[in-house]
Amino acid sequence: MQASGTQFFVPPTHLRRVELPLFSTRVRAGFPSPADDHVEKRLDLNELCIAHPEATFFVRVSGDSMTRAGLSDNDILVVDRALDAQPGMIVVAAINNEVTVKRLARRRGRFYLDPESDNPSYQPIELKEGLDCVIWGVVRHVVRKL
């Protein structure tokens, strides 16, 4: 399924569950610690990332309007349609049939979709009467390949 050049992925409900090891020792981002090979438990990424399997989909980011929010070009977003979008949440929306990812904001009683980028060409989109806008879901997680 595609919309406006954005690639979507099938819902995760049909995926085989794979449990991976979760080590009890945390990885330090400062000074190294002795290695620990103790596996605390098995971790299923479906359980970690997907609260509502029937209402969850994946979408790939295209562009750089959300880099200050930690979303980069080619990242994969885990989007939950079961959640009510609230100001402050990052959402996937269709505006005049163009799909975008932005932060939902409310200022002076009006709603906006705000970009989070250092690029001044990206401006907030006011959700006003006459604008065809549908919030598809709330972004819950991001998957990035390093």
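By convention here, the first residue in the shown sequence is residue 1.
- Tyr122 and Leu131 fall into different hydrophobic clusters, where Ile, Leu, Val, Met, Phe, Trp and Tyr are joined by side-chain heavy atoms under 4.5 Å apart, directly or via other members.
- In this structure Arg144 satisfies the side-chain contact (heavy atoms from CB on, under 4.5 Å) test together with Ser72, Asp75, Leu146, sequence neighbours excluded.
- Across every non-hydrogen atom of Asn74 and Arg60, the tightest pair is OD1-CD, 2.9 Å.
- Contact check for Arg140 versus Leu83: side-chain heavy atoms found under the 4.5 Å cut-off.
- Formation of a donor-acceptor pair under 3.5 Å by the Arg103 side chain with backbone atoms of Gly88 is found in this model.
- Across all non-hydrogen atoms, the minimal contact from Ala93 to Ile135 is CB-CD1, 3.9 Å.
- At least one side-chain heavy atom of Leu104 sits under 4.5 Å from a side-chain heavy atom of Leu127.
- Side-chain contact between Pro124 and Leu113 is absent, with no heavy atoms from C-beta onward closer than 4.5 Å.
- The minimum heavy-atom distance between Arg107 and Ala105, with the atom names listed, is NH1-CB, 3.5 Å.
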**OP:** Show the numbers, then the answer: is there a side-chain contact (heavy atoms from CB on, under 4.5 Å) between Val142 and Leu71?
**Re:** CA-CA 7 Å; Val142 61; Leu71 306 181; 3.9 Å; yes
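- In terms of modelled atom types and a separation under 3.5 Å, the side chain of Asp132 and the main chain of Ile95 share no donor-acceptor contact.
- Closest non-hydrogen pair, Thr67 versus Ser117, comes out as OG1-CA, 4.0 Å.
- Side-chain contact between Leu77 and Val59 is present, with at least one heavy-atom pair separated by less than 4.5 Å.
- Between the side chain of Arg81 and the backbone N or O of Gly137, no donor-acceptor pair lies under 3.5 Å.
- Distance check: Arg68 CZ to Asp64 CG gives 11.5 Å after rounding to the nearest 0.5 Å.
- Hydrophobic clustering of Ile, Leu, Val, Met, Phe, Trp and Tyr side chains at less than 4.5 Å, counting indirect connections, keeps Ile76 apart from Val138.
- Under a hydrophobic clustering in which Ile, Leu, Val, Met, Phe, Trp and Tyr are joined whenever their side-chain heavy atoms come within less than 4.5 Å, directly or via other members, Val134 and Val99 fall into the same cluster.
- Counting only heavy atoms from C-beta outward, the side chains of Phe58 and Val79 never approach each other to under 4.5 Å.
- Side-chain atoms of Ser65 never come within 3.5 Å of backbone atoms of Pro115 as a donor-acceptor pair (strictly under, hydrogens ignored).
- Atom CG of Asp84 is surrounded by 12 or fewer heavy atoms from other residues, nucleotides or ligands within 6.0 Å.
- Considering only heavy atoms from C-beta on, Met66 stays 4.5 Å or farther from Val61 through its side chain.
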**OP:** Go through the steps to decide whether Trp136 and Val101 satisfy the test side-chain contact (heavy atoms from CB on, under 4.5 Å), and finish with yes or no.
**Re:** CA-CA 10 Å; Trp136 281 11; Val101 58; over 6 Å; no
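- Of all heavy-atom pairs between Cys49 and Val78, the closest is O-CG1, 3.8 Å.
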